[in-house]
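Step one of this worksheet: look at the structure below.
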Amino acid sequence: MAAHKIIIDTDPGQDDAVAILLALASPELDVLALTCVAGNVPLDLTTCNARKIAELAGRPDLPIYAGCDRPLARPLVTAEQVHGASGLDGPDLPEPSMPLAKGHGVDFIVDTVRREAPGTVTLVAIGPLTNVATALTRAPDISARLGRIVLMGGAHFAGGNVTPAAEFNIHVDPHAAKLVFACGAPLTVLPLDVTYKALVTPARTTAFRDIGTPVGTAVAALTDAPHRHNTEKFGAPGVPLHDPCTITYLLRPDLFRGRHINVEVETGSDLTLGMTVADWWGVTTRAPNATFLTEVDADALFSLLTERLARL
């Protein structure tokens, strides 16, 4: 069976790094490129971090593109308080030697989706949705050619993690998210409701370290920062590993549960800006536009992740 072609749109970010490594360790996936966006840290750092991760994985050949450096309609909000000043605090990774690919990430997305056979390319969006929305706006025809958009973002029952109502990726660029949710392409959403159940505990970090390779050591360092373990919030000593849930879904969709529902993004309220309004109970007449996942087998997810990282 041919590998599943994916483009990862990313703002690395510790959990982005783990998601990218998982994808590169999985022969079922053909990672065509990384397209970088401003989010967890500004664009110059996300592009640098993406190249560090590719080199760590032994993939200096992987095309990595710079994309949009700011949201569509509001100032950039970043998350150094979570990911550190570099965005990849934890491991001591060397500065990358591989260059950025020539051209803009949005152009790469458009050209690739138009070039490949319809339905064969999946966009995996694990940062703010600025690049994806810009591509869909410039080239509306690609929405019908995409196999699927799989994104980490939003929340319903879990509430927000940057405001009471909004999850970070959606909050950074809610106007882009609104365009993506309305584009008509098949959409799978991994919100906080599911990622809050995929906790990196000390035992799971130890399993990464015990791989005994540079990748295992780096992933342990990415997930082992003491401030990232919050027993009071999550009911266990751990931190959510958000973005790798998207790649795990592509590899093992049977590990997840959710519903196909309508999800809209709030852009008109200062109080709830970036809220993903999920019609979980079907109380409106709005047509379903997203598969919204809320359950995951976390033990199986971390077993898969550890086994795959050991291949790099």
Side-chain angles (χ1 to χ4, degrees), residues 6-13 15-16 19-20 32-50 63-80 82-83 87 100-101 103-113 121-140 142-143 146 148-155 160-163 166-185 187-191 242-243 246 263-268 273-276 289-290:
I6 68 172
I7 300 168
I8 301 177
D9 193 71
T10 179
D11 63 335
D15 53 331
D16 301 72
I20 293 164
L32 302 179
L34 308 182
T35 54
C36 297
V37 67
N40 285 319
V41 286
L43 183 66
D44 62 332
L45 289 176
T46 65
T47 54
C48 178
N49 292 343
I64 297 176
Y65 291 86
C68 297
D69 66 354
R70 68 196 70 183
L72 296 182
R74 64 192 301 257
L76 177 64
V77 176
T78 54
E80 288 88 351
V82 175
H83 297 275
L100 283 172
H104 196 282
V106 169
D107 294 329
F108 175 82
I109 292 171
V110 171
D111 293 345
T112 302
V113 176
V121 175
T122 290
L123 282 179
V124 182
I126 53 178
L129 291 166
T130 316
N131 286 341
V132 179
T134 303
L136 290 165
T137 301
R138 290 185 187 174
I142 69 171
S143 64
L146 281 166
R148 181 167 293 273
I149 300 171
V150 177
L151 69 90
M152 188 276 131
N161 65 350
V162 65
T163 75
E167 177 274 332
F168 177 81
N169 283 344
I170 307 299
H171 174 77
V172 170
D173 199 341
H175 302 89
K178 189 177 184 71
L179 289 169
V180 172
F181 277 82
C183 76
L187 184 64
T188 299
V189 182
L190 285 296
H242 303 287
D243 294 334
T246 58
V263 182
E264 305 291 337
V265 179
E266 177 58 56
T267 59
L273 182 69
M275 181 179 183
T276 44
N289 62 346

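These numbers come from the heavy atoms of this one structure, side chains and all, not from hydrogens, waters or symmetry mates.
In this structure, Glu167 and Val162 approach most closely via the heavy-atom pair C-CG1, 3.9 Å. Minimum heavy-atom separation, Ile170 to Gly154: CG1-N, 3.3 Å. Heavy-atom minimum distance, Asp107 versus Arg138: OD1-NH1, 3.4 Å. Here the closest non-hydrogen pair linking Thr47 and Cys36 is CG2-CB, 3.7 Å. Listed here is the closest heavy atom pair of Ile64 and Ala50: CD1-O, 3.5 Å. Nearest heavy atoms, Ile109 versus Ala135: CG2-CB, 3.9 Å.
Residues satisfying the salt bridge (charged side-chain N to carboxylate O under 4.0 Å, His left out) test with Arg70, not counting sequence neighbours, are none. In this structure, Glu266 has no side chain to side chain donor-acceptor pair (under 3.5 Å) partners at least two apart in sequence or on a different chain.
Here the CE-OG1 distance, from Met275 to Thr267, works out to 13.5 Å after rounding to the nearest 0.5 Å. To the nearest 0.5 angstrom, Ile126 atom CD1 is 8.0 Å from Leu34 atom CG. Between atom OG1 of residue Thr122 and atom CG of residue Leu146 there is a gap of 7.5 Å, rounded to the nearest 0.5 Å. To the nearest 0.5 Å, atom CD1 of residue Ile8 and atom OG1 of residue Thr246 are 7.0 Å apart. Atom CD1 in Ile20 sits 4.0 Å away from atom OG1 in Thr10 (nearest 0.5 Å). Rounding to the nearest 0.5 Å gives a distance of 8.0 Å between CG of Leu136 and CG of Leu179.
Residues Leu123 and Asp9 have side chains not in contact (no heavy-atom distance under 4.5 Å, counting atoms from C-beta outward). Between Leu190 and Val150, the closest side-chain pair of non-hydrogen atoms falls below 4.5 Å. Side-chain contact between Phe181 and Val189: present, with at least one pair of heavy atoms (C-beta onward) separated by less than 4.5 Å. Side-chain contact between Phe108 and Leu32: present, with at least one pair of heavy atoms (C-beta onward) separated by less than 4.5 Å.
In this structure, Asn49 contributes its side chain and Asp11 its backbone to no donor-acceptor pair below 3.5 Å. At least one donor-acceptor pair closer than 3.5 Å links the side chain of Asn161 to the backbone N or O of Phe168. No donor-acceptor pair under 3.5 Å is formed between the side chain of Thr130 and the backbone N or O of Pro71. No donor-acceptor pair under 3.5 Å is formed between the side chain of Asn131 and the backbone N or O of Val106. Remark: side-chain polar atoms of Arg74 are paired, donor with acceptor, to backbone N or O of His171 under 3.5 angstrom. Formation of a donor-acceptor pair under 3.5 Å by the Asp173 side chain with backbone atoms of Pro128 is not found in this model.
With respect to Asn40, the side-chain hydrogen bond (donor to acceptor under 3.5 Å, both in side chains) criterion is satisfied by exactly one of Thr78, Asp16, Thr46: Asp16.
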Step by step, work out the side-chain contact (heavy atoms from CB on, under 4.5 Å) result for Leu72 and Thr137. CA-CA 11 Å; Leu72 296 182; Thr137 301; 5.9 Å; no
